[in-house]
Amino acid sequence: METQILPRETDELPRYGGHGSRPEETGKGLVVERFSHLVVGVTKLDVSEAWYRDVVGLDLLGRDLTAEPNPHSVLQTNTGQMVILVESKSFDRPPRNSRHQAFLMTPNAYRRAYERLQGMGMIISDTHEGHRALGNYSIDLMDPDGHRFQIQTYGPECHEYQPSDAGVVDCGPAERYKSGDVKPFKQGNFYLVRLREGFLALNRWCTHMNGIVVYQKAHWHFYCPYHYATYDRRGEPSPYPGNRAGGPLRLHPVTFSNEGHVLVDTSQVIERSAYEPGQAAVPPSGDPAQAVA
Amino acid sequence: MAEVESISHSGIEGPDSRAIELFYEEVLGGARMETCSRSYEGNRGGDPHPCGVIGDYVFVIFPDRSGKPKFDDGRIRGGIDGDVRHAFSVSRERFGEIQQRLTERGVPFEGPVVHPERGPLGESIYFRDAGGNYFEVCWRRDAGIQYAPVPVSQG
Ligand code: FES
């Protein structure tokens with residue numbers, strides 16, 4: 001029986017690092033280049049070596065390959081990061097705390113790990129399941145000595161556009177909106193924004209990883225609570241270092257009915273690389289909106 | 001081929017202060033620090049906390065409110081007695097820079113220790129942060145061969 005929804009099948013490599021990070025977010029002038037390895041104290045080297053190799057799925061490089069004074073075993077991920085298991089005679093089981101490490105897999109490797117763990121009779125659980133962005137998957141694990149781990153993957157559904165079935169949504173008379181207005185439409189999952197130039201219908205899926213953005217009126221921007229990307233009212237990513245937005249928010253086409261109502265076609269989505277004034281739909285009257293700020 | 005692509009993040013504990021963020025920024029030389037806000041972390045029952053981003057890896061520092069002293073045993077090289085040690089790699093040319101940064105900031109360290117030639121590591125130095133967490137910085141003999149970063153999204 002499945003106790004967790006699984007990612008769609010694919011061998012695609014992860015598009016993100018930990019917590020949705022991207023290497024280009026790293027600070028300027030970084031001296032250290034990357035995470036190299038994790039050293040883990042264990043009580044029984046043979047038992048732990050088998051667990052990290054057969055349960056987690058790391059490659060075993062060999063024994064006693066480093067200057068660790070105690071007997072140790074070196075295992076490796078596909079990107080060359082390593083786990084070094086060091087036998088310790090004075091080992092204290094780690095207390096329950098926030099310390100943990102996460103292994104990242106492809107969706108298919110994650111699916112295989114899921115089956116493997118279920119086959120071992122493990123109850124699959126993810127403490128934060130309810131708080132993950134769509135397409136993020138995670139399983140909590142504990143090694144034979146009580147060290148906490150997670151195995152995780154990003155499924156393709158975390159960065160693919162998720163269409164709604166709302167079709168064309170009637171947003172009411174265009175004249176009801178004044179410049180600066182931002183109105184959410186639950187049906188269709190978009191915000192209608194009235195700019196000086198015209199109307200934009202901004203899809204609410206974040207372009208980082210399909211989180212859902214919310215409009216923060218006090219800050220004049222859209223905010224994604226998953227990894228805190230922000231976008232201005234034109235849907236453009238705010239220009240601060242580390243903003244995880246993957247590009248501007250997607251648009252839905254906006255047209256106007258004969259009665260002057262704003263119609264948003266949620267069955268179509270427009271990907272874009274930047275905002276251009278021509279993207280804003282101008283009502284037939286062509287009345288310039290009254291600016292509020 | 002392993003079933004695991006990478007070690008993507010770690011959660012460690014440390015004092016809830018800007019000092020620990022500065023420590024990583026200064027010692028590791030540019031790790032980008034950010035803060036997980038209360039609106040993000042609070043909604044899953046946690047506290048706001050700093051994160052450091054190094055390439056495709058993130059380390060998350062959870063505030064340690066236990067009040068227990070974490071750095072009272074005088075050990076510098078450790079992490080195997082119930083704890084773990086996190087190691088970052090640097091190019092062989094810039095390995096000395098990390099030692100210089102630690103010296104300038106008065107952070108005690110052990111090493112450099114030379115690793116056997118048959119293994120993947122070249123030399124390592126060892127130190128601890130203000131939370132007592134164990135760290136290592138090394139250069140790797142296999143740097144030119146094994147490095148295969150996690151590909152990043154193109155859009
Ligand atoms: S999903 Fe990551 S910032 Fe929106």
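What you see is a predicted model; the values in this text were computed from it and never measured. Heavy atoms only: backbone and side chains are in, while hydrogens, waters and symmetry mates are out. In what follows, chains are A, B, ... by sequence order, proteins preceding strands, each numbered from 1.
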To the nearest 0.5 Å, tell me how far A:Phe103 CZ sits from B:Ser6 OG. 10.0 Å
Sort A:Asn70 into side chain, backbone, both or neither according to what part of it lies under 4.5 angstrom from a heavy atom of chain B. side chain
Do the non-hydrogen side-chain atoms of A:Met105 and B:Ser8 ever get within less than 4.5 Å of each other? no
Starting from the C-alpha separation in whole Å, work towards a yes-or-no answer on side chain to side chain contact (heavy atoms under 4.5 Å, CB included) for A:Glu33 and B:Arg140. CA-CA 11 Å; A:Glu33 286 175 350; B:Arg140 289 178 59 156; over 6 Å; no
Under 3.5 Å donor-acceptor, A:Gln81 side chain and B:Ile7 backbone: yes
Go through it in stages, so that I can follow the logic: the residues are B:His86 and A:Gln101, the test is side chain to side chain contact (heavy atoms under 4.5 Å, CB included), and I'd like the CA-CA distance, side-chain angles, deciding distance and then a yes or no. CA-CA 10 Å; B:His86 296 92; A:Gln101 328 292 329; 2.9 Å; yes
Ionic contact status for A:Arg99 with B:Asp83, cut-off 4.0 Å: yes
Name the option with the most non-hydrogen atom pairs under 4.5 Å to chain A; the candidates are B:Glu97, B:Arg77, B:Arg85. B:Arg85
Between A:Val86, A:Thr66, A:Leu85, the one whose heavy-atom pairs under 4.5 Å with chain B are most numerous: A:Thr66
Any A:Leu65 side-chain heavy atom under 4.5 Å of B:Glu117 side chain: no
Could you check whether any side-chain N or O of A:Thr77 sits under 3.5 Å from a backbone N or O of B:Glu5, counting only pairs where one atom can act as donor and the other as acceptor? yes
Considering all heavy atoms of both residues, which atom of A:Val31 and which atom of B:Ile98 are nearest to each other, and what is their separation? CG1-CD1, 3.7 Å
May I ask you to check whether over 12 heavy atoms, not counting those of A:Glu160, lie within 6.0 Å of atom CD? yes
For the interface with chain A, which of B:Gly119, B:Pro120, B:Ala2 has the highest count of heavy-atom pairs at distances below 4.5 Å? B:Ala2
So for B:Ser124, is it side chain, backbone, both, or neither that comes closer than 4.5 Å to the heavy atoms of chain A? neither
Check against side chain to side chain contact (heavy atoms under 4.5 Å, CB included), B:His9 and A:Gln152: CA-CA 10 Å; B:His9 75 263; A:Gln152 301 193 325; 3.4 Å; yes
Among A:Ala113, A:Ser273, A:Ala102, A:Ser88, which has the most heavy-atom pairs under 4.5 Å with chain B? A:Ala102
Would you say the side chain of A:Val32 lies within less than 4.5 Å of the side chain of B:Val137, judging by non-hydrogen atoms? yes
Check: B:Ser89 main-chain N/O paired with A:Arg34 side-chain donor or acceptor under 3.5 Å: no
Which heavy atom of A:Ser36 sits nearest to which heavy atom of B:Leu121, and what is that distance? OG-CD2, 4.3 Å
Taking the side chain as everything from C-beta on, heavy atoms only, tell me whether B:Val84 gets closer than 4.5 Å to A:Val39. no
Salt-bridge test for A:Arg116 and B:Glu3: reply yes if a basic N is under 4.0 Å from a carboxylate O, no otherwise. yes
Below 4.5 Å from any heavy atom of chain B, which atoms of A:Glu271 appear? Answer side chain, backbone, both or neither. neither
What are the two closest heavy atoms between B:Val114 and A:Ala67, and how far apart are they? O-CB, 3.7 Å
Any B:Met1 side-chain heavy atom under 4.5 Å of A:Asn78 side chain: yes
Whatever's closer than 4.5 Å to a heavy atom in chain A on B:Glu136 counts as side chain
